[in-house]
Amino acid sequence: MNNYPIFIDGTWRKTKESLQVLDKYSQKVYATVSTAGKKDVDDAISSAFHAFKRHQLSPYERFSILQKTYQILLDRKEELAKIIVKEAGKPLKQALAEIERSAQTFLLAAEEAKRVHGEGVPVDAAPGSENRLAFTIKVPVGVVGAISPFNFPLNLVSHKVAPALAAGNAVVLKPASKTPISALKLAGILEEAGLPEGLLQVVVGSGSTVGKQMIEDKRISLYTFTGSADVGLKLKQETGLNRLILELGNNSPVIVDKEADLDHAAQTLAGQSFAFAGQVCISVQRIYVHESVHSSFMKKIISNIKRLSVGDPADPATDVGPMISESEAERAEEWVQEAVSDGAEIAYGGKRDGVLFEPTLLTNVNKNMRVVCEEIFAPVVSIIPYTELDECIAELNQSDYGLQGGIFTQNIDTAFYAAKRVGVGGFMINDGSQYRVDLMPYGGVKDSGNGKEGPKYSVDEMTEERLIVMNLK
Ligand SMILES: NC(=O)c1ccc[n+]([C@@H]2O[C@H](COP(=O)([O-])OP(=O)(O)OC[C@H]3O[C@@H](n4cnc5c(N)ncnc54)[C@H](O)[C@@H]3O)[C@@H](O)[C@H]2O)c1
Ligand SMILES: O=C[C@H](O)CS(=O)(=O)O
């Protein structure tokens with residue numbers, strides 16, 4: 001069994017303590033990983049702090065390292081996908097797609113490294129400043145503290161590390177303790193691509209020890225966090241005046257209008273509700289269906305769900321694998337049972353077998369049930385009929401969250417009417433909430449967080465704009 005060291009100051013460090021990473025399907029120990037103690041975290045932050053001052057890489061050097069990383073990620077696609085299958089329990093085809101997306105994220109960040117620039121400021125237009133010339137430059141913030149979740153253990157880490165490096169920063173990364181191996185592999189790949197020592201540190205451990213210590217350290221200039229709203233709120237309260245980018249949860253809504261292409265909607269939504277067992281922050285959770293097409297849509301979505309293959313994530317045919325832990329699968333089961341005892345009906349699925357939870361379709365739900373108003377983060381979707389679009393929009397906007405949503409309709413006026421009124425960071429027309437490509441601005445409103453990811457937008461977030469004014473003769 002592999003025993004992985006952590007990555008501090010450009011060296012691989014085995015520490016006294018370690019944690020076990022389970023194979024999420026078999027629930028057997030797959031690997032162990034050293035965990036960072038107080039001194040290790042302190043060393044990592046100190047090394048990043050000094051490396052930032054020591055290594056001022058040119059934009060072209062940064063471009064070159066990130067572009068090499070892109071290539072190595074693609075070259076090692078199969079090996080990395082197998083790690084994600086084991087440590088996250090993600091079905092192989094979805095794991096392969098994640099590696100390809102991570103490679104894209106690095107390529108996009110490489111391109112952005114050559115576009116970090118400010119703008120001219122017409123200060124000479126102000127009375128008395130006629131002889132002045134001004135412009136801004138974009139400078140890196142310093143040390144970026146990155147904290148990531150379990151569900152996309154490579155691509156969501158890439159969305160933090162790649163733009164931070166493109167912008168010229170150093171990074172201290174704490175990956176999720178359930179899935180730390182992909183992040184350590186990525187550190188090895190960046191080392192191989194020529195990243196100077198100290199510019200990336202990977203410290204593994206719990207949020208309440210390693211994460212907390214990072215949050216309290218003033219040498220970190222900016223935090224970028226992806227995870228649950230509960231932890232996000234805690235970090236917001238603890239980071240004070242420091243900069244904090246938050247990418248949090250959602251209970252994504254999608255509308256199926258009376259003028260929708262129902263075959264397309266049913267096929268798309270069956271896929272987007274259950275990929276990675278619903279453990280995707282933009283997974284479709286609430287489907288609002290116009291009453292006139294409700295029964296027809298139900299038949300179509302059920303026939304699409306029946307085609308999903310549930311089981312071993314290593315099997316190339318599997319669509320829906322295990323949840324991240326048995327306790328999470330039990331939680332989802334409890335929420336479904338609670339909804340059923342309050343009147344909901346299970347139209348499909350509903351059963352749990354250890355870590356596997358069947359793709360589940362609920363009807364007759366109400367807006368106060370946890371399966372509707374909270375983030376379920378499991379393969380469970382609710383169908384909610386509506387009559388008037390305005391009422392539907394008002395109801396879906398009652399959510400505390402606002403990351404992404406969507407509408408299926410052939411009527412462009414209806415589509416734009418909804419797009420202007422839904423409280424989300426991104427809205428898809430004739431697609432589900434789960435559409436994402438890595439170049440787009442991605443981030444939510446309300447309890448879904450603040451700030452945007454996508455390399456172009458993250459580079460902007462991870463730099464300071466400095467004004468330079470020249471007083472000319
Ligand atoms: N908006 C997005 O882009 C996005 C993407 C993926 C996942 N998510 C959300 O993430 C959640 C699932 O992931 P998870 O279970 O890994 O989330 P989580 O909030 O439990 O953990 C995320 C990270 O925070 C760390 N952490 C926990 N407590 C901490 C503390 N007190 N101080 C510092 N760090 C701490 C964890 O160790 C982990 O690395 C869902 O809510 C999902 O919607 C959001
Ligand atoms: O879980 C949320 C992620 O942001 C989904 S994705 O990586 O962007 O597809």
Side-chain angles (χ1 to χ4, degrees), residues 19 35-36 41 84 88 90 94-95 97-102 104-105 145-160 172-180 183 202-217 220 223-239 244-252 272 275-283 285 323-325 327-328 331 374-378 400-404 424-426 432-454 458:
L19 56 76
T35 49
V41 177
I84 293 180
K90 185 170 286 188
Q94 293 162 24
E98 180 172 351
I99 315 299
E100 281 170 13
R101 286 186 55 194
S102 299
Q104 274 299 314
T105 303
I147 301 180
S148 58
F150 74 82
N151 64 336
F152 284 78
L154 192 67
N155 195 33
L156 291 181
V157 163
S158 303
H159 267 288
K160 302 194 174 313
V172 179
L173 166 71
K174 192 203 93 56
S177 345
K178 289 188 178 107
T179 55
V202 186
V203 283
V204 174
S206 74
S208 55
T209 56
V210 175
K212 189 165 183 296
Q213 192 178 339
M214 282 171 64
I215 292 297
E216 286 167 356
D217 199 305
I220 295 181
Y223 295 97
T224 168
F225 172 80
T226 300
S228 60
D230 285 351
V231 176
L233 174 62
K234 209 165 149 41
L235 301 195
K236 179 134 185 154
Q237 288 159 343
E238 287 169 1
T239 46
L244 170 67
I245 302 163
L246 293 172
E247 301 290 343
L248 311 175
N250 201 28
N251 55 354
S252 309
Q272 293 193 11
F276 192 34
Q279 301 166 117
V280 182
C281 54
I282 40 181
S283 202
Q285 183 175 331
M323 288 190 61
I324 194 68
S325 64
S327 61
E328 274 298 288
R331 177 194 56 78
E374 295 187 24
E375 179 187 46
I376 186 149
F377 222 57
D400 290 335
Y401 293 111
L403 185 47
Q404 293 204 153
V424 291
S433 52
Q434 210 189 93
Y435 175 79
R436 183 182 183 189
V437 288
D438 297 284
L439 56 76
M440 70 192 216
Y442 179 76
V445 296
K446 303 194 279 185
D447 290 359
S448 291
N450 57 60
K452 295 285 181 200
E453 286 198 336
S458 295

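For ligands, and for the atoms within them, numbers begin at 1 and follow the listed sequence.
Looking only at heavy atoms of the protein, atom 9 (C) of ligand 1 is closest to Gly227 O, 3.2 Å. The protein heavy-atom contact nearest to atom 31 (N) of ligand 1 is Lys234 CE, 3.6 Å. Nearest to atom 3 (O) of ligand 1 among the protein's heavy atoms is Tyr442 CE2, 3.3 Å. Protein heavy atom at the shortest distance from atom 41 (O) of ligand 1 is Glu375 OE1, 2.6 Å. In terms of protein heavy atoms, atom 14 (P) of ligand 1 is closest to Phe150 CD2, 3.7 Å. Protein heavy atom nearest atom 4 (O) of ligand 2, with residue, atom name and distance: Tyr442 OH, 3.0 Å. Looking only at heavy atoms of the protein, atom 35 (C) of ligand 1 is closest to Gly207 CA, 3.3 Å. Looking from atom 37 (O) of ligand 1 to the surrounding protein, the closest heavy atom is Lys174 NZ, 2.9 Å. Among protein heavy atoms, the minimum distance from atom 44 (C) of ligand 1 is reached at Leu248 O, 3.1 Å.
Of all the heavy atoms of Thr226, the ones lying under 4.0 Å from any atom of ligand 1 are found in both the backbone and the side chain. In Phe152, neither the side chain nor the backbone holds a heavy atom less than 4.0 Å from any atom of ligand 1.
Residue-to-ligand polar distances keep Gln279 apart from ligand 2: every N/O pair is separated by 3.5 Å or more. Checked by distance only, ligand 2 and Arg436 come closer than 3.5 Å through their nitrogen or oxygen atoms. Considering backbone and side-chain N/O atoms, Gly211 never comes within less than 3.5 Å of an N/O atom of ligand 1. For the pair Ser206 and ligand 1, the shortest N or O to N or O distance does not fall below 3.5 Å. In terms of polar-atom proximity, Leu156 is not counted as a contact of ligand 1, lacking any N or O under 3.5 Å from an N or O of the ligand. For Cys281, a nitrogen or oxygen atom sits less than 3.5 Å from a nitrogen or oxygen atom of ligand 2, counting backbone and side chain alike. For the pair Arg436 and ligand 1, the shortest N or O to N or O distance does not fall below 3.5 Å.
Tyr223 does not carry Lys236 over the face of its six-membered ring by the limits of under 6.0 Å from the centre and within 45° of the normal.
Residue Ser283 holds its OG atom at 11.5 Å from CG of Leu403, rounded to the nearest 0.5 Å.
Met214 approaches Val41 most closely through the heavy-atom pair CG-CG1, 4.3 Å.
Protein heavy atoms are found inside the 4.0 Å sphere centred on atom 18 (P) of ligand 1.
No donor-acceptor pair closer than 3.5 Å links the side chain of Lys452 to the backbone N or O of Pro441.
Within the structure, the closest approach of Glu98 to ligand 2 does not fall below 4.0 Å when heavy atoms are considered.
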